[in-house]
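Every number for a ligand or one of its atoms is a count from 1 in the order of the listing.
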Amino acid sequence: MNKDKVIIFDTTLRDGEQALMSSLSVDQKLRIARQLAKLKVDVIEAGFPVSSPGDFESVATIAKEIKGPVICGLARTVEKDILACAKAVKFAERPRIHTFIGTSAIHTEKKLRKTEEEILDIVKFYVKLARKHCDNVEFSAEDAGRTGVDFLCKIVESAITAGATTINIPDTVGYTIPEYFGSIFDALINRVPNIDKAILSVHCHDDLGMATANSLTAVAHGARQVECAINGIGERAGNAALEEIVMALKVRNDLFGVTSDVDTKEIIRTSKLVRDICNMPVQPNKAVVGSNAFSHSSGIHQDGVLKAKKTYEIMTPQSVGLKENRMNLTGRSGSHMVKARLLELGYNENEFDMQTFYDRFKALADKKGHVYDDDLVTLMESKSKEDLEDTYVLEYLNVSSGKGTIPTATARISVGGKMFQEAACGDGAVDAATKAIDRIAGYKLTVEKYHLDAVTEGREALGRVSIIAKAVEGVFTGSGTSTDIVEASALAYMDIINKIARMKKFKRKLPVEKEFL
Ligand code: KIV
Ligand code: ZN
């Protein structure tokens, strides 16, 4: 084992999946597992085979198909669990059985109702049984963070003697703090005589927001496997986030002196896939993968980044698989930033007077908050009030949908005073409405993001729909508000159509290459 390498054990499909409202299908798990293999994690914990026939099938399917990482299944220290797990992982190129039992007083006395001696016997017996079926066996002392150190040392020694090749020290309830956790690893390394026969692993939960800090402290104190999940999903407050662990080891290699084999450029792709398949949104300010993780809003920061990225970026967006950072144009943006964006949009310095333009920009930003590329172009190009008027006005919309019906919409739109009407069927009411609008306006749009918010409370709440869509003319954002969500969606879509029409009138294109987080 290379002492400079940390094994990345991904538990998105086991601990992560445990926390979802509904379990993942075999196909969904397989799609995530394929991406985890591309991310080059070392171990994929694919599930808990005895827990359900579906989970058994998921683990077996992943074991058969995924080459490269070790494929691991979870099992309690119970015969039927270990046998089911052995059966599911046996198809893998490199199988692992992961067995565990609670070791803290609260677990042994209240949950298991066993003495410490009984727990030691169970560990010896079932680790041996697991080793009979698989050469690669991991043992976890569940709730190790709250287990007395003397008993933990005895447990770990027994598990290694019985054949465990990896010893995992979980902080199951996210209770520990870095300094104390580091001392547990020191004790294990100094006091367990056979500790060099196994790899020490760490598994932290985030109940007090310290999962990453505790995991990294364990690495600094000798752990060489970290168990973590994409986007930090997992029981309750979640598990240590894989992206945080991997990027911290990379960015602060000067401190840790160890590396992982993870292909960090696959991080964003993996994060989005897990977010979408698991239906678990990522908070915008989430470290590494949040939509704001590489965006700069304050004028001082934007000015610094324009001069030298390292002033406010400790890692590059490219290192995690993003094309570029994002500068949010708001009332806080300085004139340097606004000018840089205008140049990126293809304007020449001699086409505008920066001071006058900046004053107009500030007035708009005060009104709107966020100023997008199409707002900048409109501000630059509009000479008269008419330039700001909408070309397309939605005059009438009738949608019929429901169980057992084919969703159909009829839209009537006035274009420069002339009325046009079209009908369309769709995959749902919103799809039918936007298709009818497309037939009239004739633009080809790909909706990249659709978001619905309630802006007021109660049954008659106003719904605000925000859409981001790609067209040949660029990437556009639109919003619409109504008590009827289909109408709000149609209005947001019309907002985009009118922005495209304006860009065409101004003979301008917006950048199409944008990140959608
Ligand atoms: O948090 C925990 O203790 C676990 C074990 C099963 C490793 O998930
Ligand atoms: Zn856990």
Side-chain angles (χ1 to χ4, degrees), residues 7-20 23 41-51 55 59 70-78 81-82 84-85 88-89 96-108 110-112 119 122-123 126-127 130 136-147 151-152 155-156 159 164-176 181 184-185 188 198-212 214-215 218 223 225-242 244-245 278 280:
I7 294 168
I8 300 297
F9 175 114
D10 180 276
T11 187
T12 308
L13 297 176
R14 199 278 298 169
D15 219 328
E17 200 237 16
Q18 242 164 262
L20 303 181
S23 41
V41 302
D42 301 286
V43 184
I44 295 176
E45 188 167 46
F48 190 177
V50 84
S51 67
D55 219 28
V59 178
V70 168
I71 307 298
C72 169
L74 185 68
R76 289 167 298 180
T77 42
V78 170
D81 286 39
I82 290 174
C85 187
V89 297
R96 176 184 292 185
I97 296 175
H98 176 191
T99 188
F100 73 99
I101 191 166
T103 54
S104 63
I106 183 98
H107 278 238
T108 55
K110 304 283 181 212
K111 186 179 85 173
L112 303 166
I119 298 286
I122 291 171
V123 170
Y126 288 103
V127 169
N136 189 337
V137 171
E138 172 169 335
F139 170 76
S140 282
E142 190 192 12
D143 206 15
R146 292 192 296 175
T147 301
F151 184 51
L152 190 62
I155 285 277
V156 168
T165 46
T166 298
I167 295 291
N168 186 35
I169 305 300
D171 178 27
T172 304
V173 287
Y175 179 74
T176 199
F181 208 39
I184 291 190
F185 282 79
L188 292 173
I199 291 165
L200 258 181
S201 167
V202 60
H203 175 117
C204 292
H205 282 265
D206 208 29
D207 299 67
L208 292 174
M210 284 188 279
T212 298
N214 286 328
S215 304
Q225 172 176 287
V226 179
E227 303 198 355
C228 41
I230 301 293
N231 300 339
I233 66 170
E235 278 288 344
R236 304 178 312 280
N239 284 64
L242 180 145
E244 293 174 17
I245 301 290
C278 298
M280 277 280 258

Exercise. Mind checking whether Phe185 and Phe181 have parallel, tilted or perpendicular rings, split at 30° and 60°?
Worked result: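 Ring orientation, 0 to 90° scale: perpendicular.
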Exercise. Are Lys111 and Glu142 ion-paired here, with the side-chain N under 4.0 Å from a carboxylate O?
Worked result: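 A salt bridge is present here (some side-chain N lies under 4.0 Å from a carboxylate O).
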Taking [X] for the side chain and [Y] for the main chain, is one N or O donor matched with an acceptor at less than 3.5 Å?
X: Asp143; Y: Thr172; value: no
X: Ser104; Y: Thr147; value: no
X: Thr99; Y: Arg76; value: yes

For this session: Looking only at non-hydrogen atoms, find the nearest pair between Tyr126 and Ile82 and report the distance.
Result: O-CD1, 3.5 Å
Problem set entry | Asp42: partners by side chain to side chain donor-acceptor pair (under 3.5 Å), with sequence neighbours left out | Lys5
Problem set entry | No-hydrogen, no-angle side-chain donor-acceptor test under 3.5 Å, Thr11 and Glu45 | yes
Exercise. Measuring from each atom of ligand 1, which residues have a heavy atom under 4.0 Å away?
Worked result: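 Around ligand 1, where the cutoff is 4.0 Å for heavy atoms, the contacting residues are Arg14, Asp15, His98, Phe100, Ser140, Glu142, Asn168, Pro170, Thr172, His203, His205.
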Exercise. Can you name the side-chain contact (heavy atoms from CB on, under 4.5 Å) partners of Tyr175, sequence neighbours left out?
Worked result: Arg146, Asp171, Val173
Exercise. From the Zn ion (ligand 2), how many protein N/O/S atoms are found at a distance short of 2.8 Å?
Worked result: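 Counting protein N, O and S atoms closer than 2.8 Å to the Zn ion (ligand 2) gives 3.
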